[in-house]
Amino acid sequence: MARYINIAGAQVGAIARNESRQSVVARLVELMRDAHARGAEVVVFPELTLTSFFPRWWMEDEAEIDAFFETEMPGPATLPLFEAAEKLGVGFYLGYAELTYENDVARHYNTSILVDGKGKIVGKYRKVHLPGHADHRPQMPYQHLEKRYFDVGDLGFDSWDFHGGKFGMAICNDRRWPETYRVMALQGAEVVVLGYNTPTHIPWEPVYDHLSGFHNHLSMQAGAYQNSMYVVGVAKAGAEEGSNLLAGSCIIAPSGEIIAMAQTSGDEAFVAKCDLDICQYNRKSMFNFAEHRQVQHYRIITE
Ligand code: CDT
């Protein structure tokens, strides 16, 4: 018996700096309802879904910065999403900015969670690969200050039993690194879900701007094929506060083929029927890790 699961990508269009959490969450609930109406059991939202992509702005006031972070999940503003998930029996992935205190020290993470169809958080991941810079670049039209605002994730890459499959999580820049997929595949992950905010113009290094869509799909398709897994990559997209964010959200099969893709750069749900047993095809042959990997030749990766 094949193990089918209907997975939806829920791409989110631009969020203005002054848009409230309540308004964003209402958009997410609408996307979840739409995805569910089209048969989705799991819905994947983007990275830092609840606000405008704030790392583009240099800020010094701590209260101003922390206003973009969540101190509880769910909190009063995000609870309607959890309630909708429970009502519909739909699981979801959500990226958000997390503020937590460890031994009274504030920690800021770029975080994602897996929430099951009962509205319960079953997995958490904190972004490992933080792109951009920490220094002030006021001459640029916008900045990318993830290295200033976030701590490097401390949870590593994991894999969870989720809605009948094994799911792993990543966030945005992680998708460009081959190790991301491999360490989750080695833990049995069959589906890697991830959200992204990718400006189509990098002001300090524009040389690859024209290839941003190609590099997005190239990375995820290679990850899917080389690790025999589904990859679901979902954008916050569109013209957002002077920065154009890449769309192209998609679901990729273990063959490396894109099997569903958003057609717009706005709020849009799209669904694919995924046969999780397909992951075993190549894991038993071409990419049989136990049989073919030669780890003694890979030591330079970790040493
Ligand atoms: N959010 C995120 O990780 N975005 C990066 C672009 C960084 S440009 C400095 C990405 O890899 O898409």
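Position 1 is the first residue of the sequence, and the numbers go up from there. Predicted model, so just to flag it, every value in this text is computed and none were measured. When a ligand or atom number is given, it counts from 1 through the structure's own listing order.
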Are any of the heavy atoms in [X] under 4.0 Å away from ligand 1?
X	value
W204	yes
H129	no
H133	no
E205	no

Which of the numbered atoms in ligand 1 are under 4.0 angstrom from any heavy atom belonging to [X]?
X	answer
P131	2 (C), 3 (O), 5 (C), 7 (C)
N197	1 (N), 2 (C), 4 (N)
E146	1 (N), 2 (C), 3 (O)
R176	10 (C), 11 (O), 12 (O)

Electrostatic pair [X]-[Y], nearest N-O below 4.0 angstrom:
X	Y	result
R27	E30	no
E240	R56	yes
D154	R126	yes
E205	R137	no
K118	E86	no
R176	D174	no

Aromatic plane relationship, [Y] with [X] - under 30° parallel, 30 to 60° tilted, over 60° perpendicular:
X	Y	value
W177	H129	parallel
F157	Y125	parallel
W204	H144	perpendicular

What protein heavy atom is closest to [atom], reported as residue, atom name and distance in Å?
atom	value
atom 2 (C) of ligand 1	C172 SG, 2.7 Å
atom 8 (S) of ligand 1	I202 CD1, 3.4 Å
atom 6 (C) of ligand 1	H144 CE1, 3.9 Å
atom 3 (O) of ligand 1	K127 NZ, 2.8 Å
atom 12 (O) of ligand 1	T198 OG1, 2.6 Å

